[in-house]
There are 2 protein chains.
Amino acid sequence: MRTLKFAVLGLLNRRPMTGYEIGKEFDYELGQFWNAKHSQIYPELKKLLDEGLVVFDVEISGDILEKKRYTITEKGQLELLKWLHKDEPLEKTPKDIFRLRMYFSNNLDLESRIHLLESQLIQHEKRLSILNKTMEQYPEGVPPHDTDRFGDFIVLESAIMREEYAIEWIKKCMGYCKAALEKEQGKTK
Amino acid sequence: MRTLKFAVLGLLNRRPMTGYEIGKEFDYELGQFWNAKHSQIYPELKKLLDEGLVVFDVEISGDILEKKRYTITEKGQLELLKWLHKDEPLEKTPKDIFRLRMYFSNNLDLESRIHLLESQLIQHEKRLSILNKTMEQYPEGVPPHDTDRFGDFIVLESAIMREEYAIEWIKKCMGYCKAALEKEQGKTK
DNA sequence: TTCGGCATGTAACTCGTTACATGATTTT
DNA sequence: AAAATCATGTAACGAGTTACATGCCGAA
């Protein structure tokens, strides 16, 4: 499906970048829904070059270091636009190891379950608080629909909602476990 | 990380199954968070056999057809239990092609965006309605915490909440696009 | 008797991660 | 001077998908 291809084209359509800079982009908003390491990015850039979708200029940084700054071509922009318009069926639901674990959790005692849930809860709350902090960069609310910031904003909002949903579910599960625990302890007393 | 290994062990810990039946399990609740095709399952079963975590009996169906019914061993149960207790850090956030598309959507006209969002919305609503239908199988509410049905129930609940969050986000985005569209049309008039 | 589902396997390929490899530049 | 970061690449491996390959069983 070559999705990385379009992630890279989309980024280069924002501004010319080096492979290294493309990698850095995944540290920000976009990283919540896509990611790639440099070991995947450099070969992809080479492919895009062969396909004529990008070109590069060599830039000298300092005395020796050569940086390849890639720019999207007109052909690249056309391919990107075509991909953006694609109305595709829903993807397979993504895998989730923690939910797999909880699926089999009837084999664990209630205390262990609560401990695992608590640990996940803390981590999700931490992640959510970072995302909320990032959201403070948009005090003006929704950015104009024809700017890059619009994309940044809506995926950030999605990431925040995803964390909120994750937290809500974990709390629900903890509620079930704690209720069962109290019922059991009531019996033993 | 060998996660499939534990998915298979967990299923066999519920009841002995053939490779084919393991594949079928992913059509139900568990399939919302894990999946594997038979081409992955059969080699995995062979590995588990070599590791002494499962055994199998040959069962004759009809006159000729041989079915291998796998059973988890005590060693397998121990490994499963050990894995279930593991408190691991949050996974990388999963990739999402639609959100990647929306991240770059400032390059699309508002009508195209609304069209894409509408299409996703319909599909998510369809999926949600199927999940809600499945939930009707639990009229008694939360099943007992020490039964297989507890796992079935909580992952189903998670799947429903995930769809609800997806729908909420899409509606929000559509709201932004429609507001921008009306503002633009107001200008042209 | 034919079609859909049951049943088991392998092979080729894509995608992604970790590790290997190297070296320059900037900051402390 | 050392450490962190910038910068570019390749190799080996693991996970997962699609396609190849075969054949039985039960129902219409």
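A note on names: the letters A, B, ... follow the listed sequences, proteins ahead of strands, and every chain is numbered from 1. Quick note: numbers below take in every heavy atom, side chains included, and nothing from hydrogens, waters or symmetry partners.
Judged as a salt bridge (charged side-chain N to carboxylate O under 4.0 Å, His left out), the pairs with a partner in residues 54-68 of chain A (not counting sequence neighbours) are, in order, Glu59(A)-Arg69(A). Identified under the ring-ring contact (aromatic ring centres under 6.0 Å, His included) test for residues 121-142 of chain B, with sequence neighbours left out: Tyr138(B)-Phe153(B).
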From CA spacing to verdict: side chain to side chain contact (heavy atoms under 4.5 Å, CB included), Asp152(B), Thr147(B): CA-CA 9 Å; Asp152(B) 291 338; Thr147(B) 63; over 6 Å; no

Residue pair Leu156(B), Thr134(B): steps toward the side chain to side chain contact (heavy atoms under 4.5 Å, CB included) verdict: CA-CA 8 Å; Leu156(B) 177 57; Thr134(B) 310; 3.9 Å; yes

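Taking a cutoff of 4.0 Å between a charged side-chain nitrogen and a carboxylate oxygen, Glu25(B) and Arg15(B) qualify as a salt bridge.
When the P atom of dA7(D) is taken as reference, atom NZ of Lys67(A) falls 4 Å away, rounded to whole Å. When the C1' atom of dC6(D) is taken as reference, atom CD of Glu59(A) falls 13 Å away, rounded to whole Å. Across the protein-nucleic acid pair, Met1(A) atom CE and dC13(C) atom C1' stand 15 Å apart, rounded to whole Å. Remark: P of dA7(C) and CG of Leu45(B) are 14 Å apart, rounded to the nearest angstrom. In this entry the distance linking NZ of Lys47(B) with P of dT10(C) reads 12 Å, nearest Å. For Ile41(B) and dT10(C), the CD1 to P distance is 14 Å, given to the nearest whole Å.
By the salt bridge (Lys or Arg N to Asp or Glu O under 4.0 Å) test, Glu88(A) is found to be paired with Arg101(B), residues two or more places apart in sequence or in another chain being considered. In this view, Glu140(A) and Arg149(A) satisfy the salt bridge (Lys or Arg N to Asp or Glu O under 4.0 Å) rule, not counting sequence neighbours. For the salt bridge (Lys or Arg N to Asp or Glu O under 4.0 Å) test, no residue two or more places apart in sequence or in another chain qualifies with Glu164(B). Judged as a side-chain contact (heavy atoms from CB on, under 4.5 Å), and not counting sequence neighbours, the contacts of Asn132(A) are Leu128(A), Ile160(A).
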List, with names and distances, any nitrogen or oxygen atoms from the protein found under 3.5 Å away from nitrogen or oxygen atoms belonging to nucleotides 25-28 of chain D.
from	atom 1	to	atom 2	distance (Å)
dC25(D)	OP1	Ser61(B)	O	3.0
dC25(D)	OP1	Asp63(B)	N	2.7
dC25(D)	OP1	Ile64(B)	N	2.7
dC25(D)	OP1	Leu65(B)	N	3.2

What are the atom names and distances for every N/O pair under 3.5 Å that joins the protein to nucleotides 16-18 of chain C?
from	atom 1	to	atom 2	distance (Å)
dG16(C)	OP1	Lys95(B)	NZ	3.1
dG16(C)	OP2	Gln40(A)	NE2	2.7
dT17(C)	OP1	Lys92(B)	NZ	3.2
dT18(C)	O4	Ser39(A)	OG	2.8

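Considering only side-chain atoms of His38(A), the nucleotide from dT10(D), dT8(C), dA7(D) that sits closest is dT10(D).
Fit an axis to the five pairs at each end of the helix from dT1(C)-dA28(D) to dT28(C)-dA1(D) and the two axes sit 30° apart, to the nearest 10 degrees.
Between Arg99(B) and Val155(A), the shortest heavy-atom distance links the atoms O-CG1, 3.7 Å.
Considering only side-chain N and O atoms, Lys46(A) lies under 4.0 angstrom from the phosphate OP1 or OP2 of dT10(D).
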Could you pull out all donor-acceptor pairs under 3.5 Å where a side-chain atom in residues 32-45 of chain B meets a protein atom, sequence neighbours excluded?
from	atom 1	to	atom 2	distance (Å)
Gln32(B)	OE1	Arg162(B)	NH2	3.2
Glu44(B)	OE2	Arg2(B)	NH2	2.7

Please list every donor-acceptor pair under 3.5 Å in which a side-chain atom of residues 74-83 of chain B meets a protein atom from a residue at least two apart or in another chain.
from	atom 1	to	atom 2	distance (Å)
Lys75(B)	NZ	Glu51(B)	O	3.0
Gln77(B)	NE2	Asn13(B)	OD1	3.0
Glu79(B)	OE1	Lys5(B)	NZ	3.1

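Although no hydrogens or angles enter the test, the distance criterion places no donor-acceptor pair under 3.5 Å between the side chain of Glu29(B) and the main chain of Gly151(B).
For DNA chain D, no neighbouring residue in residues 16-31 of chain B is found when judged by any heavy atom under 4.0 Å.
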